[in-house]
Amino acid sequence: MSNTLFPLGGPVAEDDIVDREDFLKSIQTRLADGQSIMLTGPRRIGKTSLALETLRQLKKQGFYVASVDFFRVSTKQELATAIIDACLENRTGIHRTMDALKEGIKSVTSATKLAMKLKGLEFSLNLPDKNTSDDILLSYALDLPEKLAVVDKKQTIVVFDEFQDAARIVGDDVFKLMRSHFQLHTKANYLFLGSKEGIMNTIFAGPDQAFYRFATILPLPPISPLAWTTYIKRKFGDQGIKCKDQVIHEIIKISGGHPQDTMLICSETYYLLLETGEKTLTLDSVQLGTNRALASLTPVFDGILDELGAAKRILTRLIQKQSIYEKGTHPTEIKRKVDMLINKGIIEKTDHGTYVFVEPMLKEYLQREY
Ligand SMILES: Nc1ncnc2c1ncn2[C@@H]1O[C@H](COP(=O)(O)OP(=O)(O)O)[C@@H](O)[C@H]1O
Ligand SMILES: [Mg+2]
């Protein structure tokens, strides 16, 4: 977690979460009631921040919580260990209980103490040893949230972040495997997050898919301009920097209120003011801050555009305000590309049937570069 004035690039602390009170309340209520939830959206829009804040609040209310990020694991055994560690932390209070157990073998007293804390969980000190296959370990891990919840009479809420990556780690059957465990759970429920919208929607909304109807799919609402204005004013104000609402509105107009892009423009503009010693936020400084923000987004945007391949052409046509349909390309081919851009969270269809960029800064970048 970053200590900068405007936090960037990872889950943000409670104080810097702008405008999510209602949505947080709604997620918490549903989770507490035993529902499982799926949230999907492109990277950098605040899914992880929201999920971790949800867990912080639920933990305060006495729930057991666990969080596993599939980005951070690459093998079946690592995944199983991550789930087990996240669950056991509720009992042991330490991050990596599995490592501690292995280490602890050297010191019999601490190992015994730790083992005591794992009572009732059918947990063997030797897990995982060479006799425990990765499949057995994973199977144990997948049932641990429920086991823990039942033994301790504590509802357990588990976050699985970048869930679509499970297939990369375990193989395509992983979702069937997980569902076969989770559907029997009555005291553990789940919040699934994923940044690959197309895959996440398939996993959870495809009638022939393992997680069909297992979780409620909630759309992530945008952050309101008013909430941004209040937040930005407070943050600059705390540093003795004056800012008129009109200038803040310009920031929000450029970023479209996109969570990380808004933070980034604020951050770059703030450093600019620090460098020049100015104590007022001006339109000029915002403009310069935006240029710097765009420069730092270059690798991100290039990465996104690279993945799009030929569908990039649709974006340039949108920018040039041309019809997306063109001579020589079959309409179904165009439609396929448009669907892909929507699935990837690059564009969305408005009520008027037109297409707009989800991230205005990407549009700005394309306008400047292409
Ligand atoms: N509610 C929010 N309020 C303010 N900034 C946010 C919010 N959510 C996300 N951000 C910004 O976006 C960045 C990425 O957030 P993160 O939760 O990691 O997104 P995701 O998990 O969707 O990739 C954060 O570091 C922060 O700069
Ligand atoms: Mg995330």
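We count ligands from 1, going down the list as the structure has it; atoms in each ligand are counted the same way. Only heavy atoms go into these numbers, but all of them, side chains included; no hydrogens, no water, no symmetry mates.
- A salt bridge is defined here as a Lys NZ or Arg NE, NH1 or NH2 lying under 4.0 Å from an Asp or Glu carboxylate O, and Arg56 with Glu14 fails to meet this definition.
- Using a 4.0 Å cut-off between a side-chain N of Lys or Arg and a carboxylate O of Asp or Glu, Lys25 and Glu21 do not qualify as a salt bridge.
- Glu268 and Asn291 share no donor-acceptor pair across their side chains, judged by distance under 3.5 Å alone.
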One pair per line, please: each N/O atom of ligand 1 matched with every protein N/O atom under 3.5 Å away, atom names first, then the distance to 0.1 Å.
| unit_1 | atom_1 | unit_2 | atom_2 | d |
| --- | --- | --- | --- | --- |
| ligand 1 | 1 (N) | Val18 | N | 3.4 |
| ligand 1 | 1 (N) | Val18 | O | 3.3 |
| ligand 1 | 3 (N) | Asp16 | O | 3.4 |
| ligand 1 | 3 (N) | Val18 | N | 2.8 |
| ligand 1 | 17 (O) | Thr48 | N | 3.4 |
| ligand 1 | 17 (O) | Ser49 | N | 2.8 |
| ligand 1 | 17 (O) | Ser49 | OG | 2.6 |
| ligand 1 | 19 (O) | Gly46 | N | 2.9 |
| ligand 1 | 21 (O) | Thr48 | N | 2.9 |
| ligand 1 | 21 (O) | Thr48 | OG1 | 2.7 |
| ligand 1 | 22 (O) | Ile45 | N | 3.2 |
| ligand 1 | 22 (O) | Gly46 | N | 2.9 |
| ligand 1 | 22 (O) | Lys47 | N | 2.9 |
| ligand 1 | 22 (O) | Lys47 | NZ | 2.8 |
| ligand 1 | 23 (O) | Arg44 | N | 2.7 |
| ligand 1 | 25 (O) | Gly9 | N | 2.9 |
| ligand 1 | 25 (O) | Gly10 | N | 3.0 |
| ligand 1 | 25 (O) | Gly10 | O | 2.6 |
| ligand 1 | 27 (O) | Pro7 | O | 2.7 |

**Phe175 vs Phe163, ring pair (Phe, Tyr, Trp, His ring centres under 6.0 Å): CA-CA, chis, key distance, verdict** = CA-CA 10 Å; Phe175 300 117; Phe163 183 66; 5.3 Å; yes
**Request:** For Thr332 and His330, run side chain to side chain donor-acceptor pair (under 3.5 Å): C-alpha distance rounded to whole Å, both residues' side-chain angles, the deciding distance at 0.1 Å, then the answer.
**Result:** CA-CA 5 Å; Thr332 40; His330 200 277; 2.6 Å; yes
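- Excluding waters, the set of protein N, O or S atoms lying under 2.8 Å from the Mg ion (ligand 2) comprises Thr48 OG1.
- Rounding to the nearest 0.5 angstrom, the gap separating the CZ atom in Phe160 from the CZ atom in Phe70 is 5.0 Å.
- With respect to the salt-bridge test (charged N to carboxylate O, under 4.0 angstrom), the residues Arg317 and Glu326 qualify.
- Classification of the Phe301-Tyr365 ring pair by plane angle, with boundaries at 30° and 60°, yields tilted.
- Salt-bridge annotation for Arg292 and Glu275: present, with a side-chain N of the basic residue lying under 4.0 Å from a carboxylate O of the acidic one.
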